[in-house]
Amino acid sequence: MIFIFDFFQPHHSHGTSNFKNSNPKLNLQLSNLDFAYPNGTRALNDVSLEIRAGSRIAVIGQNGAGKTTLVKHLNGLLKPTRGDVLIGDWNTREHSIAQLARRVGFVFQNPDDQLFKTSVREEIAFGPTNLQVAAGELEARVARALELCGLQNVRDTHPYDLQLWQRRWVTIASVVAMQTPIVVLDEPTTGQDAFGLQRLADLLEQWEREHVTVIAVTHDLDFAVEQFPELLVMAQGQVIARGDARVLNDESVLKRAGLDAPQLVRLANALGWADAPVNVRAFVAHLAQSKNTD
Amino acid sequence: MSSLAVEQLGFQYVQAKSDALRGITFEVPSSSITAIVGANGAGKSTLCYALAGFIPHFFKGNMRGAVRVNGMDSKQTPLAQLVTQVGLAFQNPFNQISGAKLTVSEEIAFGLENLGVPRAEMETRIARALELFGLEQVAHQSPYALSGGQQQRLALASIFVMEPPVMVLDEPTSQLDPQGTREVMAAIQTLAAQGRTIVLVEHKLEWIAELATRVLVLHHGELVAQGAPREILQCADEWGLNETRYARAARMARERGLVAKDVLLPQTLEQATNFFRV
């Protein structure tokens, strides 16, 4: 498959190249980031972190911990009260939301904040059209997004004639079609059934193959530990822990973040196991081992 | 006595090519928590609309069969009267907020004002709603200044305050963190214990197994199973439901011959602990 990137030549989208090689290595750098809403509510408090290009990170924590506020800084929707956010070599203070949209695709928590076209196809085509993607390439991108998001059968439907879970897929497809090197998903698992979660897992795999950086805010810790090698735990406007699923073995982190451990971690604890399995396969492997040694 | 009785309910939306619901028959006893589960597109939200009278009074289409709310036929009863009997929390809480009110308290008061409830009683009921749904701290903020989770609790409080005997809740915790989910589920349990009848659409099967009296399974618009949670959820994977990790681990362990074949798959932490300890 051929992909086109035009981040560095905004008005010349003719050069075709292989996605893998052309995907620019854009690290994210947040330095001493503070953010206060106009009413004075301080939502982020001295957050500094680096996210390497190609990472797959889940941002977890309670409602009000600052997760959505944090990720809204990545596409310039919010600008820091203090500190800086760098997307590659771009400081978000110095670039418009329209410019940043070339680098960061953003799927909102509420699909209805995002949808405004009269058909699914037009909705998905809107972003790439603004990037002045050539017509043939545009159709290829839309077709690919429809397929990856399971929307082929509703391509001509009005988004508001779809159900909420389908509208969520339309917003995800719009971001897929932008082919940005960085993707932010705010609560992508909400309202998804088993098929939807599997489709989401497949899409994460696809993005991984393309070295796309994926940052997802989620409350679904079971999904987070299975699908994301790295977790970023937030509480009271700060990042309080970062690492793989083992950070959730720390009772004090869970308590500060107001989180319950994932189901399998809770079960392993209840059974008195020393280490906590991250997925069902690991759990059963551990079980088989303990049966053998009995 | 049954709070809700559904007989041979079918529905086809205008311009839809096929039925959203077909031949649905069940009854919901008073003071119970009935969970509705099913894959996306199975007809759960459509059934909620029909239980609350939004079908046929708001959404147009071809409705067959009958829904009776405390004995009243939903087709024959005006929506204004039905809403005093059954409250519906929409799947998307952002759609529930009126946009006409400046503060959370006023938003909760909105429905009561329309019913002409006396001021003193209104204040008591609003205070109770704020407390039950953990909104005291934001009572004087704009509904639009709230987080997604707080807006969802506001939507629930706005329905609760109307005191309908039946509450239909379409994914009431979709925007909530684990603690918020726990609080709302505890509120739901309290309401059922006080005699309210709850119909709950929910993807989080662990909670259904903990709370629900009965589970109804919708599959392609039809009611394919109903009964006690643990028994019914044995086949959760076949209906496209997001199974608990407990059940998934137990199934895999069973396939590998690590556990007995004839024990029901666990759906809660307690059941799983007993299941794997043996």
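Model, not experiment: these values are computed from the prediction. Throughout, a chain's letter reflects where its sequence line sits, starting with A, and its residues are numbered from 1.
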(request) Considering only heavy atoms and a distance below 4.5 Å, find which of A65(A), G191(A), P111(A) pairs most often with chain B. (result) G191(A)
To see if you've got the definition right, give the donor-acceptor pairs under 3.5 angstrom between chain A and chain B.
unit_1	atom_1	unit_2	atom_2	d
Q62(A)	NE2	Q179(B)	OE1	2.7
N63(A)	N	D177(B)	OD2	2.6
N63(A)	OD1	D177(B)	N	3.0
N63(A)	ND2	Q175(B)	O	3.3
Q109(A)	NE2	Q175(B)	OE1	3.2
N110(A)	OD1	N92(B)	ND2	3.2
D112(A)	OD2	N92(B)	ND2	3.1
G191(A)	O	N40(B)	ND2	3.0
G191(A)	O	H203(B)	NE2	3.4
D193(A)	N	N40(B)	OD1	3.1
D193(A)	OD2	N40(B)	N	2.7
A194(A)	N	G240(B)	O	3.1
E226(A)	OE1	R245(B)	NH2	2.8
E226(A)	OE2	R245(B)	NE	2.8
E226(A)	OE2	R245(B)	NH2	3.4
D260(A)	OD1	R182(B)	NH2	2.5
D260(A)	OD2	R182(B)	NH2	2.8
Q263(A)	OE1	R245(B)	N	2.7
Q263(A)	NE2	E206(B)	OE1	3.0
R266(A)	NH1	E206(B)	OE2	3.1
R266(A)	NH2	E206(B)	OE1	3.4
A270(A)	O	R277(B)	NH2	2.8
K291(A)	NZ	L258(B)	O	3.4

(request) Against chain A, label L241(B) side chain, backbone, both or neither, depending on which of its atoms sit under 4.5 Å from a heavy atom there. (result) backbone
(message) Less than 4.5 Å to any heavy atom of chain B: does that hold for the side chain of L197(A), its backbone, both, or neither?
(response) side chain
(request) With sequence neighbours excluded, tell me which residues meet side-chain hydrogen bond (donor to acceptor under 3.5 Å, both in side chains) with D250(A). (result) S252(A)
(message) Ignoring hydrogens, what is the shortest heavy-atom contact between F195(A) and A39(B)? Give both atom names and the distance.
(response) CE1-CB, 4.1 Å
(request) Sort out for me which of P178(B), G38(B), A42(B) touches chain A most, counting heavy-atom pairs under 4.5 Å. (result) P178(B)
(request) Measure across V284(A) and A249(B) and return the closest heavy-atom pair with its distance rounded to 0.1 Å. (result) CG2-O, 3.6 Å
(message) Can you pull out every ring pair (Phe, Tyr, Trp, His ring centres under 6.0 Å) where at least one residue sits in residues 250-278 of chain B? Sequence neighbours excluded, please.
(response) F283(A)-F276(B)
(request) Please list, chain by chain and in numerical order, all residues satisfying ring-ring contact (aromatic ring centres under 6.0 Å, His included) with F90(B), sequence neighbours excluded. (result) F54(B)
(message) Which atoms of L176(B) are under 4.5 Å from chain A, going by heavy atoms: the side chain, the backbone, both sets, or neither?
(response) both
